[in-house]
Structure formats: C-alpha cells, structure tokens
Protein chains: 2
Amino acid sequence: MFKRLALIGCGLMGGSFALAARRAGLVSAVSGYSRSEKSTRRAQDLGIVDEVATSPADAVRQADLVLIAVPVASTRSTLEALLPGLAAEALVMDVGSTKCDVVLAAKQALGERIGQFMPAHPICGKEVAGIDHADAQLYQGQQLILTPLAANSPEQIARARALWLALGCTVRCMDADEHDRALAAISHFPHLLAFAFMGSLLKQAEGESYLAVAGPGFRDSTRIAAADPQLWTDVLLANASEVLAQSQRLHESLFVLEQLIQQGDGKALKDFITEVSQRRGLWKMGAVSKDL
Amino acid sequence: MFKRLALIGCGLMGGSFALAARRAGLVSAVSGYSRSEKSTRRAQDLGIVDEVATSPADAVRQADLVLIAVPVASTRSTLEALLPGLAAEALVMDVGSTKCDVVLAAKQALGERIGQFMPAHPICGKEVAGIDHADAQLYQGQQLILTPLAANSPEQIARARALWLALGCTVRCMDADEHDRALAAISHFPHLLAFAFMGSLLKQAEGESYLAVAGPGFRDSTRIAAADPQLWTDVLLANASEVLAQSQRLHESLFVLEQLIQQGDGKALKDFITEVSQRRGLWKMGAVSKDL
C-alpha cells in the first residue's frame with residue numbers, strides 16, 4: 001500500500017504502528033526520528049525502525065507515509081521541522097488524542113500543503129509509555145477516528161481509511177470539534193478524574209496503607225492514572241474547555257449521590273445505581289449505538 | 001477441615017465460596033438457602049449446593065461452617081433467622097464489604113453467641129451478580145481481611161485464617177473501623193465515583209453517542225459502575241461518613257487540577273500527573289507497603 005514509512009516520535013503509539021504496518025505488509029521500510037536519540041536507537045535495536053534519521057526532514061525524505069506520534073503540543077514544531085523534506089505525494093497522519101488543536105497546528109505549519117495532512121486518532125493506548133512497550137496488536141480491534149479536512153481529497157481519505165482497516169481498526173469519520181467533545185467525555189475527563197482520585201488518596205496520611213488493601217476494582221478503575229504525564233498534560237490543556245465542562249458535570253452528579261447518602265434515601269440511591277449499572281453492563285466497546 | 005457448609009445467600013460471592021471450598025476439599029457437603037427460591041434451585045442445578053433448605057435455620061442445622069453472603073443490610077435479619085438451628089461449634093462468617101455495621105448487626109442478632117461470628121471481607125468481586133457467575137477461582141490470589149472480635153477465640157481465628165489461606169487468599173487482620181476507613185478510600189468511594197461518572201454521562205443529550213466511541217480506558221475505569229445495585233446501596237449507606245469524607249477530598253483534588261488547567265499551568269499540571277502516575281505505576285495488588 002505504501003513503500004516507506006517515516007515515523008516521527010518513536011514511542012508506544014508510533015512504534016506499535018510501525019510494527020503493525022510492517023506485519024500487515026503495508027510498508028516495506030521504516031525510517032525513524034525521535035527528539036530522544038536513545039528512543040530512536042532503541043527502535044532500531046528492536047527492529048521497529050530500519051534507518052535512524054538525524055532530523056524530521058531527513059526521516060520523511062523518501063517516505064510516502066508519515067506518522068507523527070508526538071505529544072499534541074509538539075504537533076506544529078514537528079510538522080514545521082519535517083516540511084522541508086516532505087514529498088508532494090506523501091500522506092501525513094497523527095495519532096493525537098485531541099483534534100481541534102492538532103488541525104490548527106497543522107494548518108499553521110503546513111500552509112497550502114495542509115491537504116497532505118489527515119488527522120487521525122486511534123482510541124487505544126497503554127498505561128505504560130515508550131518504544132519498549134510497542135505492540136503490533138495495539139490497534140487490533142480498536143476504533144480509529146478520522147477528522148478529515150476540506151482540503152483532503154476523497155482518494156486520500158479512502159487511502160487513510162484502508163490503511164487503518166488493514167491494521168484491524170474500525171474507522172469512523174467525524175468533525176474535529178465533535179471528536180473533541182466526545183473524547184473529553186469518555187477519555188480526557190476520565191483521565192483527569194483518575195489523576196484527581198490518585199492525588200486525593202496520596203495526600204492522605206494513611207494513603208499508603210489504604211493502597212495496600214486495594215483490590216481488582218481499584219486496579220481497573222485507576223489503571224489510566226498511570227498514563228504518560230506529558231501526553232496527558234498536553235491533552236488536558238488542548239481540550240481544556242470541554243474537559244472542564246465534564247468536570248463540572250461530575251461534581252454535580254456526585255453532589256446528587258452524596259445528598260441521597262446523607263438523607264439515607266436507599267430507594268433513590270438504588271434507583272440511580274440501577275440505571276447506570278444496567279447501562280454500563282450493556283455497553284460494548286465499539287458498539288455503534290448512533291452514528292456520530 | 002469442615003464437614004458441612006451452610007450457604008445463606010446463593011449469589012456470586014457465596015456460590016464462588018462453595019465451589020472453591022469444595023474444590024479445595026475443605027467441605028464435603030453444602031446446604032443452601034436464598035431468599036430467592038429460584039437462586040437456590042439454580043445453585044442446586046449447577047451442583048454448587050447439594051441440598052436446598054426451606055429456611056436459614058434448616059440450612060445451618062447440620063453445618064459446622066456457615067457463610068452468609070447477603071447484602072450487608074440483611075445481616076441482622078439473616079443471623080436472627082438462622083440462630084435457632086445454629087450448632088454450638090459452628091463457625092459463622094460473612095463476606096460483607098463493610099465491617100462496623102456487620103459487627104453491630106451480628107452482636108444484636110447473636111447476643112451471647114457472638115463469639116461464633118468471624119467478620120470477613122474478601123477484596124474481590126465481579127461486575128456481574130448472581131449464582132450463574134459463580135467462579136471457583138474468584139478468591140484465588142486475592143486479599144481477605146478478618147476483623148476479629150474480642151469474643152473470638154484464638155483457635156477460631158486460626159481456623160478462619162487457615163480456611164481462607166486454603167482458598168488461595170492472603171489473609172490479614174485489622175480493626176473493623178480501620179477496615180471501613182481503608183475500604184471507603186480504595187473501594188467504596190471509587191464505586192460511588194464510577195456511578196456518579198456514568199450518571200453524569202447518561203444525563204447528557206449526546207451521552208449515548210459519546211459512549212459509542214469509548215475505548216479500553218473507559219472500559220476499565222468504569223467496569224465497577226456495572227456492579228450490583230442492592231449490594232452497593234447497602235455498602236454506601238453503611239459506610240456513609242467515610243465515603244462522604246472521601247468524596248469531599250475528591251472534589252478538592254479535582255478543583256486543584258481544574259485550576260491548573262484554567263491557568264494553563266502546564267508545569268504544575270505535569271508535576272501533579274507525574275507524581276500520581278509514578279505511584280500508580282508502582283502499585284501492585286496485594287503488595288504490603290505497611291502493615292495495617
């Protein structure tokens with residue numbers, strides 16, 4: 001499907017993409033660049049990257065597919081740095097968790113060549129960062145959202161879609177602002193909430209002894225609190241207004257439940273829990289209840 | 001170790017206990033009673049219970065081990081109902097998620113025979129309820145907390161400990177109020193938070209379409225929101241003051257993070273996330289960082 005992938009940002013997401021794309025026979029060569037030379041070398045040692053480039057522009061020079069997998073706040077500088085080497089026919093994608101800021105950064109960096117950029121967001125990840133955790137199966141069975149631009153050609157959208165389908169993703173398209181609103185609700189804010197909860201626990205004098213008796217419920221509900229700090233700092237700031245709106249809603253929902261507990265209103269409390277428990281029990285990952 | 005187990009409450013926790021105890025050779029016969037006759041019959045059909053009793057007192061009559069696995073608010077009435085049939089040498093345990101209220105209920109129900117009751121709490125569960133989900137492996141590798149009473153003999157404590165060890169649990173003893181404080185922090189409040197979050201999502205007009213794009217982070221962080229409504233209504237009411245104290249702390253922790261986002265203070269935000277992310281990354285289930 002492509003000849004050479006240039007991977008800018010040799011971490012968990014990018015490394016997993018390179019592994020998966022090669023395994024699926026979508027690319028035959030991979031050149032890599034990371035700000036951290038150590039990561040790039042490690043990617044080469046692991047066989048994820050064939051050639052180590054000394055700059056983003058060098059990395060992309062022979063590539064017909066470019067994946068930038070860097071914290072979203074670095075999108076503009078990354079694209080500016082690779083632009084001098086970018087071939088006219090190359091497709092450039094990102095994997096950032098926010099899209100409005102990424103689109104703006106891409107427009108600023110690429111100018112009239114913005115049509116080469118296809119904003120993409122695979123809704124998956126791991127609570128561990130770095131190329132050592134790269135996993136060819138990371139994208140298998142996951143959802144991938146494209147937020148195409150007016151400047152993208154239909155052929156390019158079809159090409160991007162086919163690429164992610166070949167990696168085992170289900171692909172859907174939506175507007176960048178729709179994406180950011182939805183992701184704030186079901187990903188960005190839940191991360192903030194997990195960080196807040198862990199922070200609340202650690203601030204308590206007995207927090208460490210509490211942690212010692214925590215079980216599977218705690219394990220699962222706080223797994224995302226171990227996520228990458230730079231990545232999530234960027235995401236939370238980039239999607240601040242939507243995240244803060246979700247946070248306000250959570251405070252209110254929690255106040256309602258607190259009041260029911262204070263009033264000892266077992267019936268209303270059970271009704272609330274029954275409703276959310278049933279809905280959560282029916283939820284299945286990737287089930288399309290309504291097309292966005 | 002025992003001859004006959006009487007299981008009062010044929011649901012997920014009790015059914016799993018009966019399966020595990022039999023598989024470990026700790027009991028050779030099981031009599032069962034549930035308020036729901038359907039559950040008891042189903043337990044018999046599944047081979048989890050040998051004999052169906054028509055009352056708690058009937059169920060316990062020949063038993064030297066009694067497990068009550070009912071919502072914590074039903075502890076007192078359950079113990080009162082089984083007392084007329086209870087053999088003098090039988091060991092009675094519960095699996096309730098709260099201990100102060102259970103101990104009080106047990107004292108009220110059992111009076112001078114309170115010494116036969118050993119409060120126990122296995123820190124595990126599933127987000128699905130009912131005997132059909134009973135699993136002989138449920139307790140394997142999990143933590144079990146005993147909150148022994150002054151009236152329990154050392155032999156009885158040793159016997160209870162040996163039983164749970166034989167089921168594959170690690171066992172620790174603590175005071176009931178210590179237990180309830182710790183569990184509020186790492187289990188009860190996280191459940192409330194998950195219910196509140198799901199409630200907040202479902203109240204939004206676009207909640208359903210948001211759910212359609214949710215991924216593995218959402219899946220794990222909200223798994224406990226699908227938990228049993230009656231069980232958790234009881235727990236939240238029984239441990240109300242500790243749960244509300246944790247909720248207050250969460251609001252405050254979230255306010256701190258919201259302010260950092262509003263101020264665009266990426267450095268402080270990243271510092272906060274780095275601290276909690278590192279601690280969560282190091283956390284291991286059952287790791288004793290400090291003896292309670």
Side-chain angles (χ1 to χ4, degrees), chain A residues 123-124 143 182 185-187 190 192 194-202 208-226 229 232-233 236-237 240 244 247 249-251 253-254 257-258 261 264 266 269-270 273-274 276-277 279-281 283 285 288-290 292, chain B residues 123-124 143 182 185-187 190 192 194-202 208-226 229 232-233 236-237 240 244 247 249-251 253-254 257-258 261 264 266 269-270 273-274 276-277 279-281 283 285 288-290 292:
Chain A
I123 305 182
C124 57
Q143 295 191 84
I186 51 79
S187 171
L192 183 72
F195 299 143
F197 171 66
M198 276 303 294
S200 156
L201 205 53
L202 294 179
E208 284 293 329
S209 57
Y210 296 162
L211 280 172
V213 294
F218 174 87
R219 176 195 61 205
D220 292 349
S221 63
T222 62
R223 181 179 65 78
I224 55 177
W232 284 99
T233 299
L236 295 172
L237 292 178
L244 292 173
S247 199
R249 287 176 179 277
L250 186 277
H251 284 297
S253 183
L254 200 48
L257 283 166
E258 287 164 14
I261 293 174
L269 185 58
K270 188 181 168 189
I273 298 174
T274 299
V276 301
S277 169
R279 182 62 192 90
R280 179 56 186 78
W283 178 83
M285 203 164 73
V288 181
S289 60
K290 173 184 159 190
L292 278 175
Chain B
I123 305 182
C124 57
Q143 294 191 84
I186 50 81
S187 172
L192 183 71
F195 300 142
F197 171 66
M198 276 302 295
S200 155
L201 205 53
L202 295 179
E208 284 294 328
S209 57
Y210 296 162
L211 280 172
V213 294
F218 174 86
R219 176 194 63 205
D220 292 350
S221 63
T222 63
R223 181 179 65 79
I224 55 177
W232 285 99
T233 299
L236 295 172
L237 292 177
L244 292 172
S247 199
R249 287 177 179 277
L250 186 278
H251 285 297
S253 184
L254 200 48
L257 283 166
E258 287 163 14
I261 292 173
L269 185 58
K270 187 181 169 190
I273 298 174
T274 299
V276 301
S277 169
R279 182 63 192 91
R280 179 55 186 80
W283 177 83
M285 202 164 73
V288 182
S289 59
K290 172 184 160 191
L292 280 175

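In what follows, every chain begins at residue 1, and chains take the letters A, B, ... in the order their sequences are listed.
Here B/R223 contributes atom CZ and A/D220 contributes atom CG; the two are 4.0 Å apart, rounded to the nearest 0.5 Å. Between the OG atom of A/S277 and the CZ atom of B/F195 there is a distance of 6.5 Å, given to the nearest 0.5 Å. Remark: A/L254 CG to B/L244 CG distance equals 9.0 Å, nearest 0.5 Å. Once rounded to the nearest 0.5 Å, the distance linking CG of B/L250 with CZ of A/F197 reads 7.5 Å.
Put simply, of A/G217, A/A240, A/S247, the one with the most heavy-atom pairs under 4.5 Å next to chain B is A/S247. When each of B/P190, B/A226, B/G215 is checked for heavy-atom pairs under 4.5 Å with chain A, B/A226 comes out on top. Highest contact tally toward chain B, considering only A/G281, A/P229, A/A194, A/C124, is held by A/P229 [criterion: heavy-atom pairs under 4.5 Å].
A/L269 touches chain B through backbone and side chain together, each having a heavy atom under 4.5 Å away. Both the backbone and the side chain of B/A185 come within contact range of chain A, each with at least one heavy atom under 4.5 Å from a heavy atom of that chain. Using a 4.5 Å cut-off between heavy atoms, B/T274 touches chain A through backbone and side chain atoms alike. For chain B, no part of A/S187 is nearby; none of its heavy atoms comes within less than 4.5 Å.
The shortest non-hydrogen separation linking A/L201 to B/I186 is CD2-CG2, 3.9 Å. The two residues A/R249 and B/S200 make their nearest non-hydrogen contact at CB-OG, 3.4 Å. Here the closest heavy-atom approach between residue A/Q143 and residue B/A214 is recorded as NE2-O, 3.4 Å. For the pair B/R219 and A/R280, the tightest heavy-atom approach, listed with the atom from each and the gap, is O-NH2, 2.7 Å. Heavy-atom minimum distance, A/V213 versus B/A182: CG2-CB, 3.9 Å.
Taking 4.5 Å as the limit, every side-chain heavy atom of A/V276 sits out of range of all side-chain heavy atoms of B/T222. Two residues are said to be in side-chain contact when any heavy atoms from C-beta on lie closer than 4.5 Å; B/L192 and A/I261 meet this criterion.
For the ring-ring contact (aromatic ring centres under 6.0 Å, His included) test, residues two or more places apart in sequence or in another chain that qualify with B/F218 are A/W283. B/S253 pairs by the side chain to side chain donor-acceptor pair (under 3.5 Å) definition with nothing, not counting sequence neighbours.
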Apply side-chain contact (heavy atoms from CB on, under 4.5 Å) to residues A/L236 and B/I273 and explain how you reach the verdict. CA-CA 11 Å; A/L236 295 172; B/I273 298 174; 4.0 Å; yes
